[in-house]
Amino acid sequence: MTRLGRGLVGRLVVTMILVATLAAVVGTLLLRGAALSAARDNALASKAIVAQELATRLDSRLANAEDTLRIVASHGQVAEVSPAAAERLRAILRSSLTYDELVLYDADGNAVTAAANAFEAGLVDYPARDDIAPRATTVGFVGIDESFPPELEIAVPIQDPPGSPVGFLLARLPLEAIALPVQHHDAASGATRFLINEEGAVLVHPERDRMLERAQFPVDQLAGGSGIVEVDGERYIAALAPARSIGGSVVVTQREALALAPVQQQMIELAAILVAVLGATTLAVSVAGGRMLRPLERLSDAAARLAAGERRVRVGERGTGEVALLSQEFDRMAAALDQRETQLAELQRLALLVSASVDRDGLADDLVRGALTLLEAETCVFLTSDGEERSEIAGLAGRPLDGSQVRELVEPADAGGADAHVLVAPVTTLAGTSIGELIAVRPQEGFDDDERTLAEAYAAFAAVALDNARRLQLEQALVHELQEGMERRRMLISGVTHEFRTPLTCIEGFSSELLEHDRDYTEEEREGLLQKIRAHAEELDHLVTQLLEFAATERGRAAPDPSTVRLDTVVAQEIASLSALLGDRPVRVDVPEITVVADSQLVRRVLSNLLSNAAKYSPPGTPITIRAEPEGNSIRVDVVDQGIGMTPEELESAFQPFWRAPGVLNERGTGLGLALVSEYVRIMNGTLRANSTPGVGSVFSFTLPVRVRELQP
Amino acid sequence: VSSDPAAAMPRERHYGALIVDDEEDIRLLVRMAIERWNRGMAVSGEVDHGEAALREIERVDPAVVVIDQMMPDMDGLETARRILALRPDQVVVLFSAFLDEEIERVAGEVGVARCVDKRRLQELPAILHDLVQRN
């Protein structure tokens, strides 16, 4: 359960419990008070009745005892107050359970005769009784302070004739004999009946056996005859009724706690029932509340998750209740938030792309894929445009479209209002240059204004990204070019240094050897070393010449000095002069005896460079061919080798000054040979061509203009 | 030159050098310098390109290899790299007409013991000797 749910249900339950508990406590207390009061009153009333009834019964029993005694006193020797009445008295004692002793007194109060149940009574046991007037029946207690329970004395007058007292008959009997009904105790109910005298001293008590001394009942606490008395901290319900004939009172008591116990019990049961009802209600409220609150909880939970930044939060509550409708509204809101977040994330992703992307082609694909997600389109196309003309599709994502379909989308045939299903966002740099258009198509649902705004923002990002990528590409190309230039320069220096250093080292080495160790060599050996020195010197001369020539062509050489030249002769001369360089490579010559008009020095330079090139780039032993044949108004000369050859790209650069084939970077040479050839052929109004296949060989061809009449002398 | 000008010189052959250079005359000069110097070092082999050096080195087992940098097909540094891949402890000297920081850097990476400019031909034997002794 969520915090909200717990809170609501919890508060409801707590409130209910508080209210119900308060009601239960107050109700129980009120009820209890009333019930206790009523129970107390009832108990008091019933006690008073019982006490009254018992008092009446005691009076009646005493009256009976008096009557019996009067009957005894009215007969025979007893009536005569004769000592002979003893026998009669004993007989009566034997038949009566009531009396303990019977004593016959004369009118002066002296004992005449006596009988006792417990002992052989003698007159000496009965002193004179002047306290008793022999004219009326008297009742009194004997030895109330000495014995407990006390004995009762009843004296009835004997008159003969009536009105003339001659004596009296006194009977002693245990008070209990009269007060038997009063002696009652019920442990279960805590009810006790007993007899007290006027001062409150207990005369007869059912628990007398357990009483060690005479107890005193607080009569002063019972002013109205009934009420609550408190003895030794215990409360009693008590009622008192005087038994006048005895001169005492009957007391009926009950321990209040026990008297009210049933009521208390009922109260407890009532409270238990209340608690049970309360518990059941709380449970019911809790369960029902929880069930009622569950949708609300889910809503609250979803809101909390949404607030915490969670995506794709939905309540998913169906139905038509208020909470369900609220939930559905929430879901719609969350969905809208999701969409907006997705769009923002896509924009953000693109912004990152802007700073990270270097690959322009890959970027176009990324852009359309991003737009497809962002705009939830079926197809997205990025059309690049170069000025006026619409050009190619640079990127496409989603359902494929061909070029004509795209054109149709961008320029609808009816040219009416914009088609809501097609979105065209111009991609324009910050400087205002159009790079192209971003087109999104969504046949099932038109684009709204928000989406068009979003697409424009996206297109602005795209423009920056593409512009950056283009600039980076240009920068990289520039850096690459600079690096290549530096490397070329380094290779040139390296190559030229090597070209000069090698012959110089050789010249220096061999000449030192000859100067210092001349005698170590034979004449023939010395000759050999000197030949080497000369060859290296010539090589140096060739190098210097080549460089100077190049410098001259760079400055703009003077016009050639044409003359008639026998081509076959020039070729033969040049092969002879290059014999050392050509080595064992066989040279096939297929040149007709032909005369051209050209600068003979330049023709020799061209041939020299092409032949040394062929030698340089072909393995020893492979043949080199020189052939010439007419071509229109010119003659074409081919120099054919079976060397390492060149790729088309290498061939394109081969005539650049200082360029050298990558595979032979360390071959000796300045990289000037072909550049010079090209220049020389150009100033002789000829053309230069080259064909080459890597691994097979190269053919360099140049043409020279021919004068027809000189071709056919 | 068909005969060996240094062949008549008295010498002790304690260890050999392999010379790798496409220029025949440079090889001859290096040989002459080494044999003229004559301190127990001799030229035990000569080849004119890198591939040949890789074959020859196993046969002659030289104490030191002198390699020219500028050679067709396989340059000196590449030749040195392959030699050192096969024989990591081999003493290799790059003997070049052109030396710059880039070549020195690559040579250091490859494991070349020393780069020597071709102008210092006369000092070459002493340098080789020193390197071999140190090794």
Side-chain angles (χ1 to χ4, degrees), chain A residues 486-487 489-514 516-522 524-537 539 580 583 615-620 643-644 660-669, chain B residues 1-10 20-38 48-51 67-79 94-106 115-125:
Chain A
M486 284 172 72
E487 185 59 19
R489 189 180 134 83
R490 180 175 165 269
M491 294 314 291
L492 169 69
I493 294 170
S494 158
V496 172
T497 306
H498 187 264
E499 287 310 290
F500 280 94
R501 180 70 62 208
T502 302
L504 279 173
T505 305
C506 290
I507 290 167
E508 192 200 353
F510 291 131
S511 53
S512 299
E513 189 69 18
L514 280 175
E516 289 162 25
H517 306 288
D518 183 46
R519 281 180 224 158
D520 294 345
Y521 297 99
T522 63
E524 199 182 338
E525 283 167 348
R526 277 200 292 276
E527 173 73 20
L529 290 179
L530 285 170
Q531 288 288 359
K532 282 181 185 297
I533 289 171
R534 192 171 69 182
H536 286 297
E539 195 185 338
K616 209 180 278 182
Y617 296 120
S618 25
I644 58 172
R660 303 173 74 210
V664 289
L665 271 184
N666 299 312
E667 184 55 80
R668 293 176 56 186
Chain B
V1 179
S2 56
S3 68
D4 181 350
M9 304 297 295
V20 187
D21 200 311
D22 60 326
E23 284 288 339
E24 187 191 349
D25 287 350
I26 295 286
R27 289 203 302 275
L28 176 60
L29 282 168
V30 171
R31 170 187 282 272
M32 281 157 70
I34 286 174
E35 295 187 349
R36 177 98 41 216
W37 191 71
N38 187 26
D48 63 356
H49 61 282
E51 290 284 356
I67 307 177
D68 177 31
Q69 164 62 4
M70 286 252 181
M71 292 187 294
D73 296 337
M74 191 196 295
D75 70 19
L77 286 173
E78 178 61 16
T79 308
L94 193 74
F95 190 50
S96 176
F98 175 81
L99 286 176
D100 66 0
E101 282 178 6
E102 178 66 10
I103 290 178
E104 298 260 12
R105 185 185 65 77
V106 177
C115 294
V116 180
D117 195 292
K118 273 190 178 168
R119 276 176 299 180
R120 301 171 68 194
L121 173 66
Q122 296 310 318
E123 298 163 47
L124 184 65

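Below, read A as the first sequence line, B as the second, and so on, with proteins coming before strands; counting in each chain starts at 1.
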Look up atom [atom1] in [X] and atom [atom2] in [Y], then write down how far apart they are to the nearest 0.5 Å.
{"X": "B:Asp117", "Y": "A:Thr497", "atom1": "CG", "atom2": "OG1", "answer": "9.5 Å"}
{"X": "B:Arg36", "Y": "A:His517", "atom1": "CZ", "atom2": "NE2", "answer": "4.0 Å"}
{"X": "A:Arg501", "Y": "B:Ser96", "atom1": "CZ", "atom2": "OG", "answer": "10.0 Å"}
{"X": "B:Lys118", "Y": "A:Glu508", "atom1": "NZ", "atom2": "CD", "answer": "13.5 Å"}

Q. Where on B:Ile103 is there a heavy atom nearer than 4.5 Å to chain A: the side chain, the backbone, both, or neither?
A. both
Q) Can you name the nearest heavy-atom pair linking A:Cys506 to B:Leu29, along with the distance? A) CA-CD1, 3.4 Å
(Q) Working note: B:Met32 + A:Asp520, criterion side-chain contact (heavy atoms from CB on, under 4.5 Å); need CA distance, chi angles, decisive distance, verdict. (A) CA-CA 12 Å; B:Met32 281 157 70; A:Asp520 294 345; over 6 Å; no
Q.
With a sphere of 6.0 Å drawn around CZ of A:Arg490, does it hold more than 12 non-hydrogen atoms of other residues, nucleotides or ligands?
A. yes
Q) Is it the side chain or the backbone of A:Ile493 that comes within 4.5 Å of chain B heavy atoms, both, or neither? A) both
Q. Considering only heavy atoms from C-beta outward, does the side chain of A:Thr502 approach that of B:Met70 to under 4.5 Å?
A. no
**Q.** Heavy-atom pairs under 4.5 Å with chain A, option from B:Ile26, B:Leu99, B:Asp68, B:Leu121 with the top count
**A.** B:Ile26
